[in-house]
Amino acid sequence: MNLTVLGPPGAGKGTQAQRIKKSYGLVQLSTGDMLRDAAASKTKIGRQVGQLIDAGELVSDSIMIEMISERISHDDCAKGFILDGFPRTNCQAVALDMMLEEKGMKLDYVIEISIDDEIIVERIIGRLNCVKCGAGYHDKFHPPAVEEVCDDCGGTEFVRRADDNEKVVRTRLQAYHAQTAPILPYYRERNRLRQVDGMASIDEVEKQIAAILDGSRTA
Ligand code: ADP
Ligand code: ADP
Ligand code: ZN
């Protein structure tokens, strides 16, 4: 089973991808994480990628398509994968269908996590992740059960992303509306788009996604 989760910054793509990964034994492919790793490498391309992320602008389609095409060829993806952050443009959506077809694979589900623009800034400003295992938290909406201790691994160090500030998130949101939201009709017209309510609680969103995945698992 292969799927992608779409939605604006802060919609809950990463949070839900982590949960689906655990419950269904899939591989999580977060293009944001891959790009942040590339940026940390300090190569020429890494530096360029880092600048785009810091500015809240999208990395070029050619780099993204090559990155995903290479990644889904790895053996671990044969058991199924969740794309978190890809595709983000029409060009990427079309290229994804083509590359999967070439590899004899397909995208089984496209899930849109919808959320109102007004709450995005609050979601993003309060986001933090465990350094050791990457688990995602929120200051207000999803703090660890024990203060400053990761629920999953007991880690006590957390990071906040440099691009998770109000100014950059507004640019990212603009990029979402201008470049990413236009791919929704591509999937909708082909009857492939399923929507969940990203304004509901994290557990409720997880249930809505599970109902979609379980409902047609036998198909
Ligand atoms: P995305 O990957 O779409 O940018 P994240 O999954 O990182 O979004 O979530 C953004 C922030 O909002 C995180 O701090 C996360 O803990 C929190 N969050 C995610 N889903 C919900 C939800 N349904 N309700 C409240 N907070 C949420
Ligand atoms: P969020 O979880 O807030 O939606 P991500 O971690 O997915 O953010 O992405 C962070 C940044 O990485 C984006 O602002 C963009 O610069 C870059 N990026 C991630 N995925 C893509 C993609 N598919 N195409 C172009 N740029 C991307
Ligand atoms: Zn942890």
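Values in this document were obtained by computation on a predicted structure and should not be read as measured data. Counting starts at 1 for both ligands and their atoms, following the listed order.
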the protein heavy atom lying closest to atom 14 (O) of ligand 2 turns out to be R172 CG, 3.8 Å
Against heavy atoms of F141, which atoms of ligand 1 measure under 4.0 Å? 25 (C), 26 (N)
At less than 4.0 angstrom from any non-hydrogen atom of G198, what atoms of ligand 1 do you find? 23 (N)
Among all protein non-hydrogen atoms, which one is nearest to atom 8 (O) of ligand 2, and what is the separation to 0.1 Å? R161 NH2, 3.3 Å
Ring-face cation of R190 near Y186 (centre distance under 6.0 Å, axis angle within 45°): yes
Check whether any heavy atom of P8 sits under 4.0 Å from an atom of ligand 1. yes
Quick one: do D97 and Y187 satisfy side-chain hydrogen bond (donor to acceptor under 3.5 Å, both in side chains)? Show the steps, please. CA-CA 11 Å; D97 277 340; Y187 291 119; 5.2 Å; no
To the nearest 10 degrees, calculate the angle at the Zn ion (ligand 3) involving SG of C150 and SG of C133. 110°
What pair of heavy atoms forms the shortest contact from I113 to A11, and how long is it? CG2-O, 3.3 Å
For atom 13 (C) of ligand 2, what's the nearest protein heavy atom and its distance? R88 NH2, 4.3 Å
Where ligand 2 meets P9 - atom numbers and elements under 4.0 angstrom, heavy-atom basis: 3 (O), 4 (O)
So among R123, R127, R160, which one has a salt bridge (charged side-chain N to carboxylate O under 4.0 Å, His left out) with D139? R160
For L58, which part has a heavy atom under 4.0 Å from ligand 2: side chain, backbone, both, or neither? both
Closest to atom 12 (O) of ligand 1 among protein heavy atoms sits R123 CD, 3.2 Å
Classify the contact between A200 and ligand 1 as side chain, backbone, both or neither, using a heavy-atom distance cut-off of under 4.0 Å. backbone
Taking atom CD1 as the centre, does I119 end up with more than 12 heavy-atom neighbours from other residues, nucleotides or ligands that are less than 6.0 angstrom away? yes
For D203 and R19: C-alpha separation, side-chain torsions, deciding distance, then whether salt bridge (Lys or Arg N to Asp or Glu O under 4.0 Å) applies. CA-CA 10 Å; D203 288 347; R19 292 185 173 211; 2.7 Å; yes
Mind checking whether G10 has a heavy atom under 4.0 Å from ligand 1? yes
Identity and separation of the nearest protein heavy atom to atom 24 (N) of ligand 2: Q92 NE2, 3.0 Å
Starting from atom 2 (O) of ligand 2, find the nearest protein heavy-atom neighbour and note its residue, name and distance. R127 NH1, 3.6 Å
Find all atoms of ligand 1 within a distance of less than 4.0 Å from any non-hydrogen atom belonging to Y137, and give their numbers and elements. 13 (C), 14 (O), 16 (O)
Residues, nucleotides or ligands: over 12 heavy atoms within 6.0 Å of M98 CE: no
Identify, by atom number and element, the atoms of ligand 1 in contact range of T15, meaning under 4.0 Å from any of its heavy atoms. 5 (P), 6 (O), 9 (O), 15 (C), 19 (C)
Any idea which protein heavy atom is nearest atom 11 (C) of ligand 2, and the distance to it? I53 CG1, 4.1 Å
With heavy-atom distances below 4.0 Å as the criterion, list the atoms of ligand 2 near F86. 23 (N)
Atom 15 (C) of ligand 2: of M67, M64, R36, E57, the nearest heavy atom sits on E57
Identify, by atom number and element, the atoms of ligand 1 in contact range of A11, meaning under 4.0 Å from any of its heavy atoms. 3 (O), 8 (O)
Which residue and atom name correspond to the protein heavy atom nearest atom 18 (N) of ligand 2, and how close is it? L35 CD1, 3.3 Å
For the side chain of D84 and the backbone of A17, is there at least one donor-acceptor N/O pair under 3.5 Å apart? no
For atom 20 (N) of ligand 1, the protein heavy atom that lies nearest, with its residue and separation: I202 CG1, 3.6 Å
Hey, mind stepping through D117 and Y176 against side-chain contact (heavy atoms from CB on, under 4.5 Å) and telling me if it holds? CA-CA 11 Å; D117 279 4; Y176 176 79; over 6 Å; no
How far is atom 26 (N) of ligand 2 from the closest protein heavy atom, and which atom is that? V59 N, 3.0 Å
